[in-house]
Every structure is written in C-alpha cells, then in structure tokens.
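Report on the structure given below.
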Amino acid sequence: MDFPRILAVADVRIPGAGCDPARIMVFYRDLLGLEPVPGYDVSDVLAFRAFPRSGPRLLVECLVGSEGRTARREAALVVASLDACAESLKEHDFAFEWFHGWGPYSRYLAVQDPAGNRIELFASHAW
C-alpha cells in the first residue's frame, strides 16, 4: 500500500470519550497513514497531519467521562484506495461498513475509530 493513505483532510477536532491514546495512534498513524504532529503541547489532544505535512491538522481530544456518543459523521477523509483501507481495517479487527451511492464516485467506507467517532473514508479520484 502506498503512503500516504490519507490524501486530504480539513482541519477538524473530534472528541474521544475515554479513548486509549495508544489505540488512537494505531488507527490514525498505522492504519490510515497520518503523521503525528511532533511537540503538539495541548494536554489530552493527539494531533495528526496528512500530506502535505504543513497542511491542516486532525485533532483527537481524549475526553474523560464524556458519554452519549451519536452516530453522526465526525470526519470524512480522502484515501488513495478504499479496498486497501478495507483490507487493513480487517487485519486489525476494525468493523466497517461499505456504502454505495448512485454514481461511480459515491462509494465509501464508514468505520468507528477507537474513541467511538464515525469516520467516513472516500477514495481519491482524478478528474
């Protein structure tokens, strides 16, 4: 699988109710190919970047005692290959669901990250 797996992300902060920082790191760094932001000095927030490294950040805020998570989408990420992502998610025991729309570019994966956030993965397409 080519790196980076994530090709674009808008600056976004997502909550992580009682999350395990090590499992968050595996999900975003190892499975999706985001790079942790070194020296990010906000307590209880993990910061990641996609390519280019100077671009927007994805911030996962590890909250204590937050409950009542909803099933709404917290982030939509563009990846190089949905099939490759699906294979990696399977290998690491992350459950996901395929969605297919009407057009050829409306296919995506929905997965819960270790903090319970619904993340939707879309494929990159050259126009």
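One finds the NE2 atom of His92 at 8.0 Å from the CZ atom of Arg23 (value rounded to the nearest 0.5 Å). If you take CG on Leu59 and CG on Leu46, they are separated by 9.5 Å, rounding to the nearest 0.5 Å. To the nearest 0.5 Å, atom CG of residue Leu109 and atom CG of residue Leu77 are 11.5 Å apart. Taking CZ of Arg29 as the start and CD1 of Ile24 as the end, the distance is 12.0 Å to the nearest 0.5 Å. Atoms CG and OG, from Leu121 and Ser81 in turn, are 11.0 Å apart once rounded to the nearest 0.5 Å.
Ring geometry, Phe96 versus Trp98: the interplanar angle exceeds 60°, so the pair is classed perpendicular (tilted spans 30 to 60°).
No continuous path of hydrophobic side-chain contacts links Val26 to Val111 [ILVMFWY only; heavy atoms under 4.5 Å].
By the 4.0 Å N-to-carboxylate-O rule, Asp83 lies close enough to Arg107 to be salt-bridged with it.
The heavy-atom pair separating Phe48 from Met25 by the smallest distance is CE2-SD, 3.6 Å. Pairing each heavy atom of Arg49 with each of Val37, the nearest pair is CG-CG2, 3.5 Å. In terms of heavy atoms, Leu32 sits closest to Cys85 at CD2-SG, 4.4 Å.
A donor-acceptor pair under 3.5 Å links the side-chain atoms of Asp20 to the main chain of Ala22, judged by distance alone.
Looking at residues two or more places apart in sequence or on another chain, you find a ring-ring contact (aromatic ring centres under 6.0 Å, His included) between Tyr108 and Phe99, Phe122.
In this structure, Tyr28 and Pro36 have side chains that are not in contact, with every pair of non-hydrogen atoms separated by 4.5 Å or more.
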